[in-house]
Amino acid sequence: MGEYTANDVNNQSKLKVKEGNVLYESTRGNLHGQTASQAITLGMVPNGGLFVPSAFPDLNWQDLEGLTYGEVAKRVMMPYLTDFSEEAVSQIVNVYSDGTFDGEDPAPLVSLGSFGVLELWHGPTAAFKDMALQVLPDLLRISLKQFNRDEEVLILVATSGDTGKAALEGFKDRKGMHIVVFYPEGGVSPVQERQMTTTEGSNTHVVAVKGNFDQCQTAVKQIFGSDTLKAQLQEKQLIFSSANSINWGRLLPQIVYYYWAYLQAVKQGKVPSGGKMNVVVPTGNFGNLQAAYYAKRMGLPLDRIICASNSNNVLADFFASGVYESQRAFYQTISPSMDILVSSNFERFLYEMSGRDAEKIRTWYDSSRQGTFTVDPTTLKACQDTVYAGWANEEETLETITRSYQTYQYVFDPHTAVAMKVYEDYRSETKDQTFTVIASTASPFKFSSNVIRGLDGVNQESCRDEWEALKRLNQLTGWEIPKGLQGLENKPEKTVSSCTPEGIADLIQTMFVG
Ligand SMILES: *Cc1c(COP(=O)(O)O)cnc(C)c1O
């Protein structure tokens, strides 16, 4: 025990399902008819697979005209939150207007002519993961309440940078919740590290692991599977949960901003009412792109969804060939949040593209295949009809930062620059003039020294450290340093534990079992 199982949740007969609301099923056909709180509490399907909505509610964008972001969020999320009350959802979406996000609009669409940039980084950690991680703790709290469980929750997160800080900010000082973030020592940027170590809150913990991100992630996954540790934690009234993007509670809030982008594009006169719009998504684990796809399924007039990868171009190769080949060289790039070879949410996409064929998904994701499989021609055709995929290497990414600044006086972070480059390639290849929105996933200040390399290559030597780079970027561009990154170098740091990947279980035991 110490973790919910499919049986536990199947026994919850008291849960009320509202008429017309969606239920959740597994991509591998091994679980059906689950409510939102079951899907969110479990995170992933206990015997393998991911939770997906069994149907897509229709939502006409015109019914949302004139609403605030929070109101749009409520309208988009409500039909998916099967067993949540309307009051609960109203309260949850308050986060978009209570000052947590800078400015009046939590996701402004900045128009640069024939395309727009949807800035998703105005939250507390200056990365788009705030859009969902500011909401997930509430979704989880309410989900747990539905089961009348009074244990406290222990969230474990392995991070290569952005997720760790966004999760710490989301969960800090939440009653009945504890969070431990594991990051590879020396494997995150100085700004990312300092962001994590300066997090306030007595329930937040940060651990530097002596190893790379993959070792870190594998070790944390093993912890989730450790029955001994689960039993020990259960005695202390603690259960494990995950803030990873495989959790439906992370995807759902991301559908909202695609509706928002469309509403803004129409309002700004960039898209004729009811006309089509494209989106470009800088992609890693495919969560952000999958959310765009779900918006389209709900009736949002999206045309092409464009998938942008960096040198870890496993997805671009897949869309060209139908072969997913994750056994390949791994590159550490200047867009580190996209350095991913096993793209976890892609399973959700293939589920839809295969016509919801759980048997095919089981074959492709059979563990013996070790992340390598080939899909059938019909599925590949569906994939290619839905998504255009491309990638940009390091040099192209830096060039794009330079060129975009010269042309538009707009500063792209390296992740968004990858998306911009793929968009340019798409335009010249297809001549498609449709207004296109680029999802901007991080503030350029999160990656200042690399952005300066792009803007001001020749003088890069003069930056002593990241803190100087932040100020320098501010001076060069006149852009303001995001609040969450200001004065980081002077904030008190919490004690960071350190351990080997093998030592993670012992450390958790010392911290929470005693
Ligand atoms: C997490 C992240 C991505 C990748 O998003 P996915 O949903 O995992 O595809 C891209 N850019 C930045 C800055 C990120 O933090």
Side-chain angles (χ1 to χ4, degrees), residues 50 117-134 136 157-170 181 183 188-189 191-192 195-196 213 217 243-255 257-258 279-295 305-316 318 333-349 387 389 391-392 397 401 411-422 438-448 450-451 482 484-485:
L50 299 176
V117 181
L118 184 67
E119 294 181 348
L120 298 171
W121 38 262
H122 293 281
T125 81
F128 90 106
K129 293 188 168 69
D130 290 327
M131 300 301 293
L133 275 163
Q134 283 297 320
L136 180 68
V157 180
T159 184
S160 58
D162 287 341
T163 308
K165 175 59 178 176
L168 286 164
E169 267 314 301
V181 168
Y183 70 92
V188 300
S189 85
V191 169
Q192 288 176 322
Q195 275 190 300
M196 290 191 273
F213 173 66
Q217 170 145 281
N244 216 280
S245 77
I246 51 173
N247 194 321
W248 173 248
R250 283 257 328 250
L251 281 195
L252 178 57
Q254 297 187 258
I255 302 174
Y257 51 70
Y258 291 105
V279 294
V280 193
V281 187
T283 295
N285 259 331
F286 217 80
N288 203 2
L289 195 144
Q290 188 64 12
Y293 172 74
Y294 287 148
I305 301 178
I306 299 164
C307 173
S309 303
N310 65 21
S311 302
N312 296 293
N313 55 0
V314 57
L315 288 166
F318 171 85
T333 72
I334 56 170
S335 45
S337 300
M338 294 156 70
D339 291 348
I340 287 169
L341 294 176
V342 181
S343 187
S344 29
N345 283 293
F346 199 54
E347 180 170 342
R348 286 185 160 115
F349 184 70
V387 165
W391 67 285
T397 306
I401 294 175
V411 195
F412 283 112
D413 97 281
H415 303 77
T416 314
V418 167
M420 177 66 188
K421 169 67 176 135
V422 171
I438 297 176
S440 176
T441 48
S443 154
F445 287 96
K446 268 205 104 160
F447 305 94
S448 296
N450 283 324
V451 172
L485 302 179

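Whatever order the structure lists ligands and atoms in, that order sets their numbers, starting from 1. Just so you know, these numbers come straight off a predicted model, no measurement behind them.
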Exercise. Determine whether the side chains of Arg250 and Asn247 contain a donor N or O and an acceptor N or O closer than 3.5 Å.
Key: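 Distance-only check fails for Arg250 and Asn247.
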Quiz item: Heavy-atom contacts under 4.0 Å between Asp162 and ligand 1: side chain, backbone, both, or neither?
Solution: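 Side chain only.
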Practice problem: Examine the proximity of ligand 1 to Phe128 and report which part, side chain or backbone, both or neither, has a heavy atom under 4.0 Å away. | Solution: side chain
Practice problem: Would you tell me which option among Lys129, His415, Arg250, Lys446 has the nearest heavy-atom contact to atom 2 (C) of ligand 1? | Solution: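 Ranked by closest heavy atom to atom 2 (C) of ligand 1, first place is Lys129.
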Atoms in ligand 1 flagged as close to [X], the criterion being non-hydrogen separation under 4.0 Å:
X	answer
Thr283	9 (O)
Ala442	13 (C)
Phe286	6 (P), 8 (O), 9 (O)
Asn288	7 (O)
Pro282	4 (C), 10 (C)
Ser337	2 (C), 3 (C), 4 (C), 12 (C), 14 (C), 15 (O)

Self-check item: Ser440 side chain vs Leu118 backbone, donor-acceptor pair below 3.5 Å
Solution: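 Pair absent, no side-chain N/O of Ser440 close to backbone of Leu118.
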Quiz prompt | Asn312 (side chain) donor-acceptor with Asp339 (main chain) under 3.5 angstrom | solution =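 The answer is no, because no donor-acceptor pair under 3.5 Å joins these two groups.
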Self-check item: Shortest protein contact, atom 11 (N) of ligand 1 (heavy atom only)
Solution: Thr441 OG1, 2.9 Å
Practice problem: For atom 4 (C) of ligand 1, find the nearest protein heavy atom and state the residue, atom name and distance (0.1 Å precision). | Solution: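 Ranked first by proximity to atom 4 (C) of ligand 1 is Gly284 N, 3.6 Å.
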Quiz item: Any nitrogen or oxygen of Gly287, main chain or side chain, under 3.5 Å from a nitrogen or oxygen of ligand 1?
Solution: yes
Quiz item: Less than 3.5 Å between some nitrogen or oxygen of Asn285 and one of ligand 1, yes or no?
Solution: yes
Quiz item: Strictly under 4.0 Å, does any heavy atom of Ala127 approach an atom of ligand 1?
Solution: no
Quiz prompt | Heavy atom of Trp121, distance to ligand 1 below 4.0 Å | solution = no
Practice problem: Indicate yes or no: at least one non-hydrogen side-chain atom of Val387 is less than 4.5 angstrom from one of Phe318. | Solution: no
